Chemist: 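I am attaching a structure below and will ask some questions about it afterwards.
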Amino acid sequence: MHYAISRSSIFVADHAARQRRQLMLALAVFAAIALLPSMISDVYLMNVLVLTLMYAALSQSWNLLGGYCGQISLGHALYFGVGAYATSVMFVKFGFVPWAGMFVGGTLASLIALVLGYPCFRLKGHYFSIATIVIAEIGLLLANNWNFLGAAMGVQWPVSPDSWWTLQFARTKAPYFYVALAMFAATWLVTFWIVESKWGYAWRAVKDSPEAAESLGVTVFHTKMAAAAISAFFTALGGGFFAAFVSYIDPESVMQFQISLLMALPAVLGGIGSLWGPAIGAFILIPLAEFSRSYLGGSGSGIDLAIYGGLIMTVALISPDGITGLYRRLRSGAAV
């Protein structure tokens, strides 16, 4: 018995040490990324970096539901659009600062996720994924025809002096960079905390086997609902930030299906259900997409989609669990 207790203590201490190393690594990465604006003066490159960090945060948000809980949503553009419209309407029509609009949008998106989750989480597998696509498309149609939201014309933000209060900066992209970095860091840290909490273990149990999780006392339905609400909240924060960043939104720019894909694909490429997978995927896919649009024929050519497809197929053949899974196997000396 004394031997068992000793082994248990060693395991707990080793696990805590690994967690500390993981956290220190994350802080070092965030600090290194924060130095980039001082090294880059090109406005276009800064724009790409802002979008990359934003999608790293969005993909990590998607990963909470799709990666850890195993509920593959392809309709997260709905929550992104809710955040973008809530922030824009509150700022343009009612004078609320974007920061308030972002959190209102996040709260509204969480409530919508709970309402939609009630019927959708009774579906399984690809039926759930199809339902999320359909619901997001309905949201797109509503936004296109809702005059209060500007319908198809969208919402144009007024020109404002540079200010952190209104989140408007015309002279430099650096402030947006740091806000996007803060969002990425926040979603990573929240994920880091949840993964080792009771919620995290419940989510992974539901992903592996809902029936087995239920037999162990996990309330599967409530577990899925919690994951959906948290994921939707952070996705909507990203939508609100994007609205402030571009200063103009319409339904096609914030609620089209491709936005949902751009949240899911980085996690798939980097490794779903992992802390660093979404960020690794975003830092590969988003710059490739932006550079291909700029230098290889524009947004209508579909070259970025071909690159996405090629990368995803290559990684799926070599390592179905993504780049992080490949790294773990190489590190352990296992066959690829």
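Nothing fancy with the numbering, it's 1 onward along the sequence. In this text, all values refer to a predicted model and were calculated from it rather than measured experimentally. The analysis underlying the following values was restricted to heavy atoms, covering all of them including side chains, and did not include hydrogens, waters or symmetry mates.
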Chemist: Can Arg122 be said to sit on top of Tyr127's aromatic six-ring, NZ or CZ under 6.0 Å from centre and within 45° of the ring axis?
Modeler: no

Chemist: Look at the side-chain heavy atoms of Ile, Leu, Val, Met, Phe, Trp and Tyr, link any pair under 4.5 Å apart, and say whether Tyr118 and Phe121 land in one connected group.
Modeler: yes

Chemist: On a heavy-atom basis, which atom in Met46 and which in Ala174 lie closest, and how many Å separate them?
Modeler: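 That closest heavy-atom pairing would be CE-CA, 3.9 Å.
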
Chemist: Any link between Val220 and Leu64 through a network of hydrophobic side chains (Ile, Leu, Val, Met, Phe, Trp, Tyr) touching at under 4.5 Å?
Modeler: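 They do not share one cluster, since no chain of ILVMFWY contacts under 4.5 Å joins Val220 to Leu64.
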
Chemist: Of all heavy-atom pairs between Ser59 and Met263, which one has the smallest distance, and what is that distance?
Modeler: OG-O, 2.9 Å

Chemist: Under 4.5 Å between any side-chain heavy atoms of Thr52 and Pro287, yes or no?
Modeler: yes

Chemist: Shortest non-hydrogen contact from Asp162 to Ala170?
Modeler: OD1-N, 2.9 Å

Chemist: With hydrophobic residues grouped by side-chain heavy-atom distances under 4.5 Å, do Met153 and Ile249 end up in a single group?
Modeler: no

Chemist: Could you tell me which non-hydrogen atom of Ala113 sits nearest to which non-hydrogen atom of Ala232, and how far apart they are?
Modeler: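 That would be CB-CB, 3.7 Å.
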
Chemist: Could you tell me whether the side chain of Ile280 reaches within less than 4.5 Å of the side chain of Leu269, counting heavy atoms only?
Modeler: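 Leu269 vs Ile280: side chains apart.
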
Chemist: Roughly how far, to the nearest 0.5 Å, is the OG atom of Ser274 from the CG atom of Asp321?
Modeler: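 Answer rounded to 0.5 Å: 9.0 Å.
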
Chemist: Check the pair Tyr44 / Glu290 against side chain to side chain contact (heavy atoms under 4.5 Å, CB included), numbers first and verdict last.
Modeler: CA-CA 10 Å; Tyr44 175 69; Glu290 294 300 318; 3.9 Å; yes

Chemist: Is there a donor-acceptor pair under 3.5 Å between the side chain of Asn47 and the backbone N or O of Lys173?
Modeler: no

Chemist: Using modelled atom types and a 3.5 Å cut-off, is there a donor and acceptor pairing between side-chain atoms of Ser231 and backbone atoms of Ala228?
Modeler: no

Chemist: Given 3.5 Å as the limit, does a donor-acceptor pair link the side chain of Thr132 with the main chain of Ser73, or not?
Modeler: no

Chemist: With distance as the sole test, does Ser88 use its side chain to make a donor-acceptor pair with the main-chain N or O of Val155 at under 3.5 Å?
Modeler: no

Chemist: Given Phe80, which of Phe242, Phe233, Phe234, Phe257 fulfils the ring pair (Phe, Tyr, Trp, His ring centres under 6.0 Å) condition?
Modeler: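 So, applying the ring pair (Phe, Tyr, Trp, His ring centres under 6.0 Å) to Phe80 and each of Phe242, Phe233, Phe234, Phe257, only Phe242 qualifies.
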
Chemist: Return the CD to CE distance between Gln60 and Met183, rounded to the nearest 0.5 Å.
Modeler: 12.0 Å

Chemist: Heavy atoms, side chains only, cut-off 4.5 Å: are His76 and Leu58 in contact?
Modeler: no

Chemist: Side chains of Val179 and Leu53: closer than 4.5 Å at any heavy-atom pair?
Modeler: no

Chemist: Tell me whether Trp164 at atom CH2 has more than 12 heavy atoms from other residues, nucleotides or ligands lying less than 6.0 Å away.
Modeler: yes

Chemist: Compare all side-chain heavy atoms of Cys120 with those of Ile135 and state whether any distance is below 4.5 angstrom.
Modeler: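 Yes, their side chains come closer than 4.5 Å.
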
Chemist: Any side-chain heavy atom of Ile230 within less than 4.5 Å of one from Ile194?
Modeler: yes

Chemist: Between the side chain of Glu137 and the main-chain N/O of Ile133, is any donor-acceptor distance below 3.5 Å?
Modeler: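 Checking the backbone N and O of Ile133 against the side chain of Glu137, no donor-acceptor pair under 3.5 Å is found.
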
Chemist: Step by step, work out the side chain to side chain contact (heavy atoms under 4.5 Å, CB included) result for Val218 and Tyr201.
Modeler: CA-CA 10 Å; Val218 175; Tyr201 288 109; over 6 Å; no

Chemist: Find the distance between CG (Leu25) and CZ (Arg18) and round it off to the nearest 0.5 Å.
Modeler: 14.5 Å

Chemist: Does Ala212 offer a backbone N or O that forms a donor-acceptor pair with the side chain of Ser209 under 3.5 Å?
Modeler: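 Checked: pair present.
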
Chemist: When the ring centroid of Trp157 is compared with that of Phe91, is the distance short of 6.0 Å?
Modeler: yes

Chemist: Indicate the atoms forming the closest heavy-atom contact of Val92 with Pro158, along with that distance.
Modeler: CG2-CD, 3.9 Å

Chemist: Is Trp203 reaching over with its side chain to a backbone N or O of Gly70, donor-acceptor style, under 3.5 angstrom?
Modeler: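 Absent.
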
Chemist: Provide the closest heavy-atom pair for Tyr248 versus Gln156 in the form atom of the first, atom of the second, distance.
Modeler: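 The pair with the smallest heavy-atom distance is CD1-OE1, 3.5 Å.
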
Chemist: Pick from Thr187, Ile72, Thr235, Leu262: which one makes a side-chain contact (heavy atoms from CB on, under 4.5 Å) with Trp62?
Modeler: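 Output: one option passes, namely Ile72.
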
Chemist: Regarding Lys93 and the six-membered ring of Phe148, is the cationic atom NZ or CZ under 6.0 Å from the ring centre and inside 45° of its axis?
Modeler: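 Satisfied, under 6.0 Å and within 45°.
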
Chemist: As an exercise, state the distance from CG of Asn63 to CD1 of Ile272, rounded to the nearest 0.5 Å.
Modeler: 7.5 Å

Chemist: Indicate yes or no for a side-chain donor-acceptor contact from Asp250 to the backbone of Ser253 under 3.5 Å, with no hydrogens or angles considered.
Modeler: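 Looks like yes, one N/O pair under 3.5 Å.
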
Chemist: For the hydrophobic clusters of this structure (ILVMFWY residues joined by side-chain heavy atoms under 4.5 Å, transitively), does one cluster hold both Tyr68 and Phe128?
Modeler: no

Chemist: Please answer whether the main-chain N or O of Leu167 pairs with a side-chain N or O of Tyr176 as donor and acceptor at a distance below 3.5 Å.
Modeler: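 Yes, the answer is positive, given that a donor and an acceptor are paired below the 3.5 Å cut-off.
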
Chemist: As an exercise, state the distance from OG1 of Thr87 to CG of Leu237, rounded to the nearest 0.5 Å.
Modeler: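 Thr87 OG1 to Leu237 CG: 8.0 Å, rounded to 0.5 Å.
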
Chemist: Given side chains that start at C-beta, do those of Val195 and Arg204 come closer than 4.5 Å, heavy atoms only?
Modeler: yes

Chemist: Given 3.5 Å as the limit, does a donor-acceptor pair link the side chain of Lys207 with the main chain of Gly67, or not?
Modeler: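 Yes, because the side chain of Lys207 sits within donor-acceptor range (under 3.5 Å) of the backbone of Gly67.
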
Chemist: Please round to the nearest 0.5 Å and tell me the distance separating atom OH of Tyr55 and atom CG of Leu265.
Modeler: 11.0 Å

Chemist: Is the closest side-chain heavy-atom distance between Tyr85 and Met90 below 4.5 Å?
Modeler: no

Chemist: Pairing donors with acceptors under 3.5 angstrom, does anything connect the side chains of Gln22 and Trp276?
Modeler: yes

Chemist: Hydrophobic clustering (ILVMFWY, side-chain heavy atoms < 4.5 Å, transitive) - are Trp165 and Tyr178 grouped together?
Modeler: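 Linked within one cluster.
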
Chemist: Quick check, are the ring centers of Phe184 and Trp188 under 6.0 angstrom apart?
Modeler: no

Chemist: Run the side chain to side chain contact (heavy atoms under 4.5 Å, CB included) test on Phe241 and Val246 for me, step by step, so that the C-alpha distance in whole Å, both residues' side-chain angles and the decisive distance to 0.1 Å come before the verdict.
Modeler: CA-CA 9 Å; Phe241 166 76; Val246 299; over 6 Å; no

Chemist: Is Phe221 atom CZ crowded by more than 12 heavy atoms from other residues, nucleotides or ligands, each under 6.0 Å away?
Modeler: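 Enclosed.
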
